[in-house]
Each structure stands twice: as structure tokens, then as C-alpha cells.
A.B. asks: 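Could you have a look at this structure, given as C-alpha cells, before my questions?
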Amino acid sequence: MRITVIEHEADAGLGFLAGWLGTACDVVRPYLGEELPERAADGLIVLGGEAAAWEDEDFPWLPVTRDLLRRSVADSTPTLAVCLGAQLMTMACGGTVERGGAGLEVGLCEVSTLPAAATDPLLSGIGAAVAIQYHRDAMTRLPEGAVPLMTGTRYPNQAYRLGERAWAVQFHPEATPAIFASWTTASGLDSAERLNAEVEAAEDKLIATWRPMAEAFAGVVKTAAHG
């Protein structure tokens with residue numbers, strides 16, 4: 001069992017997921033010139049990054065990534081799309097992504113499950129939780145047929161499922177405190193020290209919430225691969 005991972009930049013890697021998934025991951029780094037596959041392996045993870053989902057001229061691999069996501073959804077390949085990945089999946093499947101009207105959402109933020117999450121293979125049982133956020137763009141219209149699973153105060157579309165086995169999350173379940181601190185340091189945020197401390201203090205809570213989601217996704221990949 002193998003999972004194809006699309007990494008958009010060196011500072012936005014698998015993080016916690018590398019240990020939580022418990023399976024081999026083939027990491028593709030298009031920013032280093034690596035070519036994306038036509039199809040994912042047994043599963044697909046598309047990570048985050050600084051790019052906007054529509055900035056094809058500056059990030060020429062984005063159209064290919066959207067094609068891969070569209071194909072994976074259509075083929076029922078287990079897919080987990082994170083932040084930029086979620087926005088790319090939204091665009092690829094007919095939804096809308098725009099610059100967020102409520103501005104930057106960054107740091108430790110509350111998210112909560114919607115009724116449909118109660119029976120979702122990944123997000124059932126989470127309820128209200130905290131998650132790491134770092135995004136300016138927003139999924140303002142979900143693809144047709146999407147099932148909203150989580151919401152938040154600043155931006156309502158925080159997680160959804162599309163088709164049988166594709167999930168998009170606006171937040172960063174993979175981000176360790178060190179990864180988050182690297183983002184705030186690089187951006188020069190005035191509030192970086194406070195935000196970093198809040199994330200570090202919540203590390204155990206983050207692990208307790210999002211590790212089961214990652215393990216459940218690995219279980220979906222395993223079941224699909226052996227089905």
C-alpha cells in the first residue's frame with residue numbers, strides 16, 4: 001500500500017502525517033522539477049503552500065495537480081486535500097476559491113463538526129476542536145454534491161467530503177509546532193511569538209484530535225487497495 005503525496009514547498013511537508021499514516025508515501029516535489037504522475041497510487045494527499053490555487057503562471061504544476069485531483073475523485077481514489085490542496089480540489093471539481101473577505105486566518109482556531117460528520121469515516125466523533133490555520137484564500141462555493149463536514153467562525157467551509165473517498169480540509173492537521181513556527185517566522189507576523197506559543201501549548205490536544213483522522217484515512221486507503 002502506497003500513498004502519493006504532492007508537496008508544494010519544502011516548509012510544508014507531511015509533518016505529523018509522516019508518522020501517523022503508518023504506510024509508505026511517495027512524495028512528489030514539483031517545485032524541484034519532479035513530474036506528477038497521471039494517477040495516484042493507492043491514495044493521494046495534496047498538501048498546502050503559499051500559492052493561490054489559481055496562480056498557474058507562477059506555479060506551473062497547479063493545473064496538473066488539479067487534473068490529478070479531479071481524476072482521483074472520479075476514480076474514488078482515497079484522497080486527502082489540505083489547505084491549498086483543498087482549494088485546488090474545490091476548483092478542480094467545479095467549486096469556487098477566492099481571496100478571503102475576512103482576511104488572514106492564522107494560528108490556533110476553533111472548528112466544529114456539522115451533522116453529516118457524525119457518520120463520516122474520518123471525522124465522526126470530533127465535535128468541537130482546535131486546528132492550525134494559515135490561509136488568506138477561501139473555498140466560497142463547494143463543488144456540486146459536496147457534503148460539508150466542518151465549519152468555523154471566520155470561514156464556514158472548513159472540511160467536506162466529495163464522492164465516496166475524497167476529503168478536503170482547510171486547516172492543517174499535519175502541521176507540527178515547529179512547522180507552524182517556520183511559517184510565522186518567514187512571514188514576519190507581529191503576533192508570531194504569541195501564536196507559536198499557543199500552538200506549542202496545544203500540541204497534545206492537536207495530536208489527540210487529528211491523529212485518529214489520519215489513521216482513519218490510512219484505513220480507507222488500505223480497504224480500497226484490498227477491495
Side-chain angles (χ1 to χ4, degrees), residues 12 14-17 20-21 45-49 53 79-91 93 95-143 146-162 165-177 179-181 183-184 189 191-192 194-218 220:
L14 275 170
F16 280 132
L17 294 180
W20 292 349
L21 292 167
I45 295 175
V46 180
L47 295 168
T79 298
L80 178 62
V82 174
C83 198
L84 171 59
Q87 295 165 3
L88 288 166
M89 186 170 114
T90 300
M91 283 185 65
C93 297
T96 303
V97 179
E98 303 171 288
R99 189 67 76 197
L104 177 67
E105 184 171 39
V106 59
L108 205 64
C109 300
E110 288 190 6
V111 291
S112 56
T113 50
L114 295 167
T119 56
D120 184 73
L122 266 57
L123 297 174
S124 62
I126 288 182
V130 291
I132 290 175
Q133 302 272 12
Y134 207 126
H135 68 105
R136 290 181 176 83
D137 303 333
M139 304 179 291
T140 55
R141 183 176 61 86
L142 299 184
V147 178
L149 297 172
M150 299 197 81
T151 190
T153 302
R154 187 181 290 263
Y155 291 106
N157 291 320
Q158 289 292 336
Y160 70 87
R161 186 181 69 249
L162 187 60
R165 302 189 185 108
W167 287 267
V169 295
Q170 180 59 76
F171 47 89
H172 285 278
E174 86 293 355
T176 65
I179 286 175
F180 178 75
W183 298 342
T184 60
L189 282 176
S191 55
R194 173 181 61 81
L195 294 171
N196 295 347
E198 289 174 355
V199 167
E200 189 168 349
E203 182 174 9
D204 288 347
K205 189 182 294 186
L206 291 166
I207 292 171
T209 302
W210 304 117
R211 179 170 188 156
M213 185 196 77
E215 292 173 343
F217 177 71
V220 171

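Count residues from 1 along the sequence.
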A.B. asks: Any chance you could measure F217, atom CZ, to L122, atom CG, to the nearest 0.5 Å?
C.D. replies: 7.5 Å
A.B. asks: Within the 4.5 Å heavy-atom criterion, are P173 and V82 side-chain neighbours or not?
C.D. replies: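 Yes, at least one pair of side-chain atoms sits under 4.5 Å.
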A.B. asks: Tell me, do L142 and N157 make a side-chain contact under 4.5 Å, heavy atoms counted?
C.D. replies: yes
A.B. asks: If only side-chain N and O atoms count, and only distance matters, is there a donor-acceptor pair under 3.5 Å linking T151 with Q158?
C.D. replies: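 Result is no, nothing qualifies.
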A.B. asks: Kindly give the heavy-atom pair with the smallest separation between P121 and A216, and that separation in Å.
C.D. replies: O-CB, 3.5 Å
A.B. asks: Are side-chain heavy atoms of L162 and C93 found at a separation under 4.5 Å?
C.D. replies: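 Yes, side chains in contact.
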A.B. asks: Should the ring pair W210 and F171 be called parallel, tilted or perpendicular, given that the plane angle runs from 0 to 90° and is split at 30 and 60?
C.D. replies: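 Because their plane-to-plane angle lies in the 30° to 60° range, the rings of W210 and F171 count as tilted.
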A.B. asks: Distance from T184 atom OG1 to I179 atom CD1, nearest 0.5 Å?
C.D. replies: 12.5 Å
A.B. asks: In terms of ring plane angle, is the pair W20 and F16 parallel, tilted or perpendicular, where the classes change at 30° and 60°?
C.D. replies: parallel
A.B. asks: Using 0.5 Å steps for rounding, measure from the OH atom of Y134 to the CG atom of L195.
C.D. replies: 8.5 Å
A.B. asks: If you compare all heavy atoms of A102 against all heavy atoms of R154, which two are closest, and at what distance to 0.1 Å?
C.D. replies: O-NH1, 2.5 Å
A.B. asks: Quick check: do F180 and N196 have side-chain heavy atoms less than 4.5 Å from each other?
C.D. replies: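 When only atoms from C-beta onward are counted, N196 and F180 do touch, with a gap below 4.5 Å.
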A.B. asks: With side chains defined as the heavy atoms from C-beta onward, is the minimum distance between I132 and L206 less than 4.5 Å?
C.D. replies: yes
A.B. asks: Could you state the interatomic distance from CG (L149) to OG (S124), rounded to the nearest 0.5 Å?
C.D. replies: 10.0 Å
A.B. asks: Report the residues that fulfil salt bridge (Lys or Arg N to Asp or Glu O under 4.0 Å) with E198, sequence neighbours left out, ordered by chain and then residue number.
C.D. replies: R194
A.B. asks: Taking side chain as C-beta onward, heavy atoms only, is Q133 less than 4.5 Å from H172?
C.D. replies: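 Q133 does not reach H172 side chain to side chain.
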A.B. asks: I need the L123 CG to I126 CD1 distance, nearest 0.5 Å.
C.D. replies: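 It comes to 4.5 Å.
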A.B. asks: With a 4.5 Å cut-off on side-chain heavy atoms, are V106 and L189 touching?
C.D. replies: yes
A.B. asks: Let me confirm one number: the OG1-CD1 distance from T176 to I207, rounded to the nearest 0.5 Å.
C.D. replies: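 Going from OG1 on T176 over to CD1 on I207, the span is 9.5 Å.
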A.B. asks: Minimum heavy-atom separation for Q87 and D137, please, with both atom names.
C.D. replies: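 Distance-wise, the nearest heavy atoms are NE2-O, 3.3 Å.
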A.B. asks: Which heavy atom of A129 sits nearest to which heavy atom of T209, and what is that distance?
C.D. replies: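 The pair with the smallest heavy-atom distance is CB-CG2, 3.8 Å.
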A.B. asks: Under the rule for salt bridge (Lys or Arg N to Asp or Glu O under 4.0 Å), what residues qualify as partners of R136, not counting sequence neighbours?
C.D. replies: none
A.B. asks: If you take all heavy atoms of M150 and G127, which pair is closest and at what distance?
C.D. replies: CE-O, 4.2 Å
A.B. asks: Decide whether Y160 and T90 meet the rule of one side-chain donor and one side-chain acceptor closer than 3.5 Å.
C.D. replies: yes
A.B. asks: Tell me, do L21 and I45 make a side-chain contact under 4.5 Å, heavy atoms counted?
C.D. replies: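 SC-SC contact between L21 and I45 confirmed.
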A.B. asks: Taking salt bridge (Lys or Arg N to Asp or Glu O under 4.0 Å) as the definition, give me every residue that meets it alongside R211, ordered by chain and number, with sequence neighbours left out.
C.D. replies: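 So R211 forms a salt bridge (Lys or Arg N to Asp or Glu O under 4.0 Å) with E215.
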A.B. asks: When you measure from the side chain of R161 to the backbone of P148, do you find a donor-acceptor pair of N or O atoms at a distance under 3.5 Å?
C.D. replies: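 A pair under 3.5 Å: no.
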A.B. asks: If we ignore hydrogens and angles and just use 3.5 Å, is the side chain of Y155 paired with the main-chain N or O of M139 as donor and acceptor?
C.D. replies: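 Judged by distance alone, no pair lies under 3.5 Å.
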A.B. asks: Could you tell me which non-hydrogen atom of V220 sits nearest to which non-hydrogen atom of R165, and how far apart they are?
C.D. replies: CG1-CD, 3.9 Å
